[in-house]
Amino acid sequence: MKPRVRFAPSPTGFLHIGGARTALFNWLYARHTGGTFVLRIEDTDTARNTKAAVDVILDGLRWLGLNWDEGPLTSDATGASKGDLGPYFQSQRKENYRRRVEALLSRGLAYEHEGAIKFKMTREPIVIHDLVVGDVERKLTDREDLDPDFVIVRSDGEPVFHLVNVVDDLEMNMTHVIRGEDHLSNTAKHIALFRAFGVQPPKYAHIPLILNSDGTKMSKRDQGALMTAYMDGGYLPEALVNYLCLLSWSPKDNREKLPLAEVVERFDLPQILRANARFDHDKLLWLQGEYARELEPDRFYELCVHALSKAGMDTNTFPVAYIKAALDTCRGKIKLFTELPGYAGFYFEETVEINPEAAKKDFVPENKSRLERLRDAFAKTEPFTAANLEIALKSTATELGVKAGVLVHPTRLACTGNTAGPSLYHLLEVLGKEKVLARMNRAIELFG
RNA sequence: GACCCUAUGGUCUAGCGGUUAGGACACUGCCCUUUCACGGCGGUAGCUCGGGUUCGAGUCCCGAUAGGGUCGCCA
């Protein structure tokens with residue numbers, strides 16, 4: 001029987017990076033084994049759950065490329081879904097839970113208590129045969145020792161997590177439950193419930209948690225804890241996915257950057273590490289740079305234009321060839337697409353804002369006449385190409401008896417407003433003679 | 001408080017009884033480049049501690065310590 005795994009998030013309005021990693025590992029296992037990846041929405045808390053909150057989950061998974069074989073098609077709980085074992089929204093499965101609770105009640109395995117229904121939990125230690133952690137004997141804690149039974153239906157009639165989770169996993173024929181290690185202690189309850197229903201529990205694989213860089217638990221409030229931080233932060237999904245694969249899993253051959261297809265091929269449950277891992281933002285950023293540098297031209301342009309427009313820069317008024325030439329000079333220079341507006345905005349702005357700190361250093365009186373000489377040289381440069389501009393600048397420097405850098409820095413500042421950016425000669429060529437001369441003239445006015 | 005999991009440089013990891021303990025990120029020195037990146041060549045830095053087992057222990061066992069998790073009418 002082919003494995004059936006699921007990702008079962010609760011629509012809280014956020015998709016936690018840890019949840020995304022859990023989804024990824026489930027997806028990887030399904031793809032590796034040729035099994036089925038199911039998405040189930042645990043929206044039992046009707047007051048808190050909204051369609052928008054479900055969209056956050058669907059959008060996040062889609063952005064990562066984690067397609068599901070069964071589950072909702074849209075965020076509408078009553079809408080269409082794919083798969084034969086739905087509904088895939090818990091809010092639509094009340095009848096299933098009611099029937100299961102009835103069964104427990106009638107067999108004396110559950111009982112009413114102060115309006116709620118409690119499950120009669122065994123007092124014997126339960127051994128969890130975990131595929132990642134190994135055999136774990138879960139004994140009762142002191143509090144549980146006082147009363148091991150736990151609520152499965154609240155006094156308001158709503159079934160609780162432990163019950164619905166088990167019922168759904170049972171009825172959806174889940175063969176493996178891959179989830180965060182924070183559920184390990186709860187697993188004894190779930191196993192007891194499966195036994196009460198007279199079925200064999202699925203195989204469990206509890207994966208380590210992702211911690212903050214300081215080793216503390218990552219909560220929604222922490223930097224980088226939410227998927228939106230990456231989706232809106234100019235990251236490439238393939239970089240994030242690659243990074244997430246490297247947390248608690250390793251290809252074991254000293255490689256860091258590897259295509260997803262290869263991870264799918266090599267991924268398996270027993271080789272998952274057991275220790276929690278800290279999120280290393282620097283390493284993710286490095287991977288991001290690796291992927292950004294190798295992007296296909298069209299995707300690169302598209303992501304760039306999108307980043308510019310998000311920053312309020314309209315590129316539509318510029319010729320396509322100009323846009324492409326401009327963006328080409330940024331290739332391999334930026335990592336995050338959110339950096340682009342600040343890095344290449346000068347190509348698309350009428351007047352550039354000069355960095356005042358740099359101006360103090362470069363726009364000094366003795367440079368004024370030098371820049372004027374260079375401007376005149378540029379005015380005569382034809383064709384206005386990077387190679388010719390380099391010759392013009394260097395020979396002007398020689399004539400003036402100064403190093404090239406003396407002209408390079410003020411020119412860059414005049415034309416881009418910044419001290420760092422694309423290759424100077426290439427950027428000047430793209431900008432074109434008219435803009436370059438205009439910007440140099442404007443800068444010359446500014447000299448103190 | 002009880003129960004459970006974990007422990008290789010700052011971080012992610014390779015290691016599976018005998019290695020000069022390997023790689024990557026970060027940091028750093030030099031080269032390349034008159035910007036910034038990229039790239040190339042170096043460097044600093046590690047087996048938590050204490051007992052066993054063994055000829056021999058990062059590797060196996062026990063304990064301590066530390067970190068994380070769980071004990072809800074949250075999920």
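Chain identifiers are assigned alphabetically (A, B, ...) following the order of the sequence lines, protein sequences preceding nucleic acid strands; residue numbering begins at 1 within each chain. Since we're looking at a predicted model, the values are computed, not measured.
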Taking only N and O in the side chain of [X], is any of them less than 4.0 Å away from OP1 or OP2 of [N]?
X        : N     : answer
A:Lys257 : B:A24 : no
A:Arg21  : B:C12 : no
A:Ser423 : B:A37 : no
A:Arg154 : B:C74 : yes
A:Ser185 : B:C5  : no
A:Arg255 : B:A14 : no

Could you list, one pair per line, each protein nitrogen or oxygen that sits under 3.5 Å from a nitrogen or oxygen of nucleotides 58-60 of chain B, together with the distance?
none

Measure from the side chain of [X], starting at C-beta and using heavy atoms only, and say which of [options] lies closest.
X        : options             : result
A:Arg138 : B:G1, B:U70, B:A75  : B:U70
A:Thr141 : B:U6, B:A2, B:U34   : B:A2
A:Lys335 : B:G69, B:G22, B:C38 : B:C38

[X] has an atom [atom1]; how far is it from atom [atom2] of [N], in whole Å?
X        : N     : atom1 : atom2 : answer
A:Lys283 : B:C25 : NZ    : C1'   : 5 Å
A:His183 : B:C71 : NE2   : P     : 10 Å
A:Lys118 : B:C73 : NZ    : C1'   : 10 Å

Taking donor-acceptor contacts at under 3.5 Å, does the side chain of [X] reach the base of [N]?
X        : N     : result
A:Lys252 : B:A14 : no
A:Ser155 : B:C73 : yes
A:Lys333 : B:U35 : yes

Using atom [atom1] in both nucleotides, what's the gap between [N] and [M] to the nearest angstrom?
N     : M     : atom1 : answer
B:A14 : B:G22 : P     : 15 Å
B:C25 : B:G40 : P     : 10 Å
B:C47 : B:U33 : P     : 41 Å

Quiz item: For the residue pair A:Tyr111 and A:His113, does the interplanar ring angle fall in the parallel (under 30°), tilted (30 to 60°) or perpendicular (over 60°) class?
Solution: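 Perpendicular: the ring planes of A:Tyr111 and A:His113 meet at over 60°.
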Quiz item: Using the ring of each side chain (for Trp, its six-membered ring), is A:Trp249 parallel, tilted or perpendicular to A:Phe267, with breaks at 30° and 60°?
Solution: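 A:Trp249 vs A:Phe267 ring planes: tilted.
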Quiz item: Taking only residues two or more places apart in sequence, or in another chain, which ones meet A:Val305 in a side chain to side chain contact (heavy atoms under 4.5 Å, CB included)?
Solution: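 Side chain to side chain contact (heavy atoms under 4.5 Å, CB included) check on A:Val305 returns A:Thr315, A:Ile323, A:Leu327.
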Self-check item: A:His306-A:Phe337 aromatic ring centre distance below 6.0 Å
Solution: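 No: the rings miss the under 6.0 Å criterion.
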Quiz prompt | Selection residues 125-150 of chain A - residue pairs positive for ring-ring contact (aromatic ring centres under 6.0 Å, His included), sequence neighbours left out | solution =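 Sorted pair list: A:Phe119-A:Phe150, A:Phe150-A:His162.
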Quiz item: Once you round to the nearest 0.5 Å, how far does CD of A:Gln288 lie from CZ of A:Arg293?
Solution: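 Between atom CD of A:Gln288 and atom CZ of A:Arg293 there are 10.5 Å.
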Quiz prompt | Upstream residue (5' side of RNA chain B) when A:Ala404 and A:Lys189 are each assigned their closest nucleotide | solution =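 Counting from the 5' end, the first nearest nucleotide belongs to A:Ala404.
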Quiz item: Under 4.0 angstrom, heavy atoms only, what part of the nucleic acid is A:Asn276 near: base, sugar-phosphate, or nothing?
Solution: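 Contact class for A:Asn276: sugar-phosphate only.
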